[in-house]
Asks: 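So that we are looking at the same thing, I have put the structure below in structure tokens.
Within every chain, numbering begins at 1; the chains are lettered A, B, ... in the order of the sequence lines, protein sequences first and strands thereafter.
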There are 4 protein chains.
Amino acid sequence: MAMDADERTEGKKRAIMKAALEILTEKGYHPTTIEEIAERAGVGKGTVYLYFKSKLELVAEVIDTVVQTHLQEMKEQMSTVKGALEKLLVLAGIEYTFMRRHGPLAQILGAGEVLGLAPEFRSQMCNWRQRYIELIEGIVEEGQREGVFRTSISPFLAATIIFGARLAILQLALETDLENRADEVRNQVLEFVLHGLGAPV
Amino acid sequence: MAMDADERTEGKKRAIMKAALEILTEKGYHPTTIEEIAERAGVGKGTVYLYFKSKLELVAEVIDTVVQTHLQEMKEQMSTVKGALEKLLVLAGIEYTFMRRHGPLAQILGAGEVLGLAPEFRSQMCNWRQRYIELIEGIVEEGQREGVFRTSISPFLAATIIFGARLAILQLALETDLENRADEVRNQVLEFVLHGLGAPV
Amino acid sequence: MAMDADERTEGKKRAIMKAALEILTEKGYHPTTIEEIAERAGVGKGTVYLYFKSKLELVAEVIDTVVQTHLQEMKEQMSTVKGALEKLLVLAGIEYTFMRRHGPLAQILGAGEVLGLAPEFRSQMCNWRQRYIELIEGIVEEGQREGVFRTSISPFLAATIIFGARLAILQLALETDLENRADEVRNQVLEFVLHGLGAPV
Amino acid sequence: MAMDADERTEGKKRAIMKAALEILTEKGYHPTTIEEIAERAGVGKGTVYLYFKSKLELVAEVIDTVVQTHLQEMKEQMSTVKGALEKLLVLAGIEYTFMRRHGPLAQILGAGEVLGLAPEFRSQMCNWRQRYIELIEGIVEEGQREGVFRTSISPFLAATIIFGARLAILQLALETDLENRADEVRNQVLEFVLHGLGAPV
DNA sequence: TATGAATGAGGATTCATTCAT
DNA sequence: CATGAATGAATCCTCATTCAT
């Protein structure tokens, strides 16, 4: 019974965050209203303020949760394989999974909406981006140590490029239905990342 | 004198768009107010509505103009050189120029802020993105015909990747001061794009 | 045990009223929230509504209690001395005691805050004021009968004036620290009340 | 015509302040809503914010204006007569005039509602009270120099007492209809102030 | 054409009160 | 009896848009 209450409470907070996430990804920060969030979450307007001090904090927590989850998931998956090449492969796979699950939120993370959000969000977004890039950077460094990646490119720069490329593909996938061509796309991207566009000598 | 009036009129519209662009890039769509735009443009609030039907239309036109200008500029520069490789190089150079001129607006275009903007903007943004990618796609195709680019990668996918990579580097440049390392960065990016990350055989 | 329950119950009601009184004197009616009262009283928010039908009733009862207590106390002290002059002296002394005990609540009573309170309070405040003045009026009448007070002044008017003068001094005491000059002040006030400001003939 | 615009504008600000004053004196700070003020002033809700940055500032300005006006008026009238005794008389007269004109606002000033108002108001109210008392203090000092007032009472204390007495009488006048007995009341009050309550020796 | 005063719909937030446990 | 989670009415304030001049 105690767990019941806990569950319901936690359920309510989760419902609010879920609703907020959905509407945020649909409309962005400003057009999203607390009233609509409450309505979709099936709670009263005031209830939102029992769990979050303000709209800003609610959104911040929503974003943070998604980001943390995503990063955590990536790290976990990453640790299941050995070798930088394999990790790159895994990385690509995760993105699809994540996208299917969290749908258009990826946009908030990817696209940033940095400007539309209050300045408070900027650092949060940048922070996330940075950590994401760091993760990739680690893989690149590992690959360079392993000798499978060329060392003439700065790991950070390479990571940044890969990050951007991935976002673009993600965005593409959100607009187009790549579902059934997922494998083909992944292979081509991987080929690009590994061998570049230049014709083989 | 007639021209004078015309000029003044045109000047006013341009002043409004210029002011709007500046503030938009500073704050994003929603926090930008018509009042502030009018003030910075040195016109009355009501005057804005003589030239634009609504805030939405004003912003749409502003974005469109910037995008058109940018694309136009890219095409022009592109036509001054021959060969896909050279065009890629030129492309990179333009980005820096553009960035220095239009500063953080690149974010609105690049990062999208798709979500913060009213749904109406989405198609506009996507449209722009698409045309930008098409431009790059053209270069890729040209390179493939020339035999300098590998043909195993879909031109569209390659263009998308390059587009994303460029945006990420752009974003990086906006946050960090790469000014003095611009050449180095450009070279590394180019190397990446041409030969990929894979260690040379 | 039964008494215990009663005591606890009574204790709870008293705790609520005490907390309410404290916060009311700190902030006034509107800024005081039931939640804060409950918290300071160490009870649940809902508990307040077991003892009081509404915020209004709670505050009304709090004020009434303080007023009753104060008046009662005054009457008791008054009855310990004989003679209108002595009673006036005692009256002054009580004020200081009261003030030290109930602190700024005196303001609510004195200053009225009539306007900040719901109209319902007005009559309550006026009622209290009236009874307070009546008490003084009684002393004045007694003094007139005794021949120590001049009869050319209406007892009611005199009482009103004395009431106002006392409030002003009270307010002064609340702002300034008169503690150590209390006797001097009391003497001067008494001199004023008895002989007025006019130079002795 | 220019004046016309000015007049209308000034008229609007004045209408808002007038409406605010009325409702404030009826209900006090918190229960007074901007909407009601706007409605009674015959303007839109938003218009209020063209003239005042916030509810707080509106109220502050309203109070300040009344206070300034009242003090100014008192000083002017005071300067028309010579001698402390005469000035005291004039003072009493003004109060009635003021009251008839500004009606229940006197309550806000007198009663203070110090507690119900935001802390910001407290200093404003105290400040006003202080200046009012200083004015009376000046008269007392003058009277002492002239030899018509006894010197054994501190001018400040005397002024405070007179201030309080006046407020009490004012309050009385607001509740009761003293209109037709105004002269009698004034005389009795004056007698009290000059000769006190003590029986003549 | 140009203006800016005026407007009111819309949104975040608070808090007295209720009610299921 | 006691609780505090839940609610939504109520309020301040913003800002796109209109319109009289």
Side-chain angles (χ1 to χ4, degrees), chain A residues 1-2 4-5 8-9 12-13 16 30-39 41-58, chain B residues 5-6 8-9 12-13 30-39 42-59, chain C residues 5-6 8-9 12-13 30-39 42-58, chain D residues 1-2 4-5 8-9 12-13 16 30-39 41-56 58:
Chain A
M1 273 302 166
D4 205 348
R8 223 176 296 158
T9 276
K12 220 152 240 180
K13 182 169 184 180
I16 293 168
H30 279 101
T32 295
T33 71
I34 291 290
E35 183 146 28
E36 195 179 354
I37 291 174
E39 202 173 334
V43 302
K45 217 186 325 176
T47 307
V48 174
Y49 288 88
L50 290 181
Y51 297 98
F52 304 94
K53 269 217 294 271
S54 68
K55 184 185 177 184
L56 203 69
E57 287 212 353
L58 162 57
Chain B
D6 239 41
R8 226 181 294 152
T9 277
K12 229 158 230 185
K13 182 168 183 179
H30 280 98
T32 295
T33 70
I34 293 290
E35 180 144 33
E36 195 179 354
I37 291 175
E39 201 173 334
V43 302
K45 215 191 318 184
T47 307
V48 173
Y49 286 86
L50 291 180
Y51 297 99
F52 304 94
K53 257 213 313 257
S54 68
K55 183 186 177 184
L56 203 68
E57 288 214 350
L58 162 57
V59 175
Chain C
D6 238 42
R8 226 181 294 152
T9 277
K12 228 156 230 183
K13 182 168 182 179
H30 280 99
T32 295
T33 68
I34 293 289
E35 181 144 31
E36 195 180 354
I37 292 174
E39 201 173 334
V43 302
K45 215 191 316 183
T47 307
V48 173
Y49 285 85
L50 292 180
Y51 297 98
F52 305 93
K53 257 212 313 255
S54 69
K55 184 186 177 185
L56 202 68
E57 288 215 350
L58 162 57
Chain D
M1 273 303 166
D4 205 348
R8 223 176 298 157
T9 276
K12 220 152 240 181
K13 182 169 182 179
I16 292 169
H30 279 100
T32 295
T33 70
I34 292 288
E35 183 146 30
E36 194 179 354
I37 291 174
E39 202 173 333
V43 302
K45 215 187 328 174
T47 307
V48 174
Y49 288 89
L50 289 181
Y51 297 98
F52 304 95
K53 268 215 296 270
S54 67
K55 184 184 176 185
L56 203 69
L58 162 57

Asks: In B/S/- notation, 5' to 3', how is nucleotides 11-16 of chain E contacted by protein heavy atoms closer than 4.0 Å?
Replies: SSBBSS

Asks: Separation of E39(D) atom CD from dT11(F) atom C1', in whole Å?
Replies: 14 Å

Asks: Find the distance I16(D):CD1 to dA6(E):C1' and express it as a whole number of Å.
Replies: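 The distance from CD1 of I16(D) to C1' of dA6(E) comes to 10 Å, rounded to the nearest Å.
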
Asks: Within this structure, what is the CG-to-C1' distance between L50(C) and dT17(E), rounded to whole angstrom?
Replies: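 Result: 12 Å.
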
Asks: So does K12(D) get a side-chain nitrogen or oxygen closer than 4.0 Å to the phosphate oxygens (OP1/OP2) of dA5(E)?
Replies: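 Indeed not, no polar side-chain atom of K12(D) lies that close.
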
Asks: Expressed as a whole number of angstroms, how long is the span from L58(D):CG to dT11(F):P?
Replies: 16 Å

Asks: Could you list the residues that satisfy side chain to side chain contact (heavy atoms under 4.5 Å, CB included) with A41(D), not counting sequence neighbours?
Replies: A15(D), I16(D), A19(D), V43(D)

Asks: If each of V43(D) and V43(B) is mapped to the nucleotide of DNA chain E with the nearest heavy atom, which maps nearer the 5' terminus, i.e. the 5' end?
Replies: V43(B)

Asks: Could you check if a side-chain atom of V59(B) sits within less than 4.5 angstrom of a side-chain atom of T32(B), using non-hydrogen atoms only?
Replies: no

Asks: Can you check the I37(C) CD1 to dG4(F) C1' distance for me, whole Å?
Replies: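 For the pair I37(C) CD1 and dG4(F) C1', the rounded distance is 16 Å.
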
Asks: Return one dot-bracket line describing DNA chain F 5' to 3' (Watson-Crick or G-U wobble pairs, both distances under 3.5 Å; ( ) same strand, [ ] crossing, | another strand, . none).
Replies: .||||||||||||||||||||

Asks: Tell me the interatomic distance from K13(C), atom NZ, to dA2(F), atom P, rounded to whole angstroms.
Replies: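 Spelled out: NZ on K13(C) to P on dA2(F) is 13 Å.
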
Asks: Considering residues at least two apart in sequence or located in another chain, which fulfil the salt bridge (charged side-chain N to carboxylate O under 4.0 Å, His left out) criterion with E35(D)?
Replies: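 So E35(D) forms no salt bridge (charged side-chain N to carboxylate O under 4.0 Å, His left out) with any residue.
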
Asks: If I take atom CD1 from residue I34(B) and atom CG from residue L58(B), how far apart are they, to the nearest 0.5 angstrom?
Replies: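 Output value for this atom pair is 5.5 Å.
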
Asks: Could you note down all residue pairs passing salt bridge (charged side-chain N to carboxylate O under 4.0 Å, His left out) where residues 48-58 of chain C supplies at least one of them, sequence neighbours left out?
Replies: K53(C)-E57(C)

Asks: At their closest point, which heavy atom of H30(C) faces which heavy atom of P31(D), and how far apart are they?
Replies: CE1-CG, 3.4 Å

Asks: Regarding V48(D), tell me which of base, sugar-phosphate or nothing describes its non-hydrogen contacts under 4.0 Å with the strands shown.
Replies: nothing

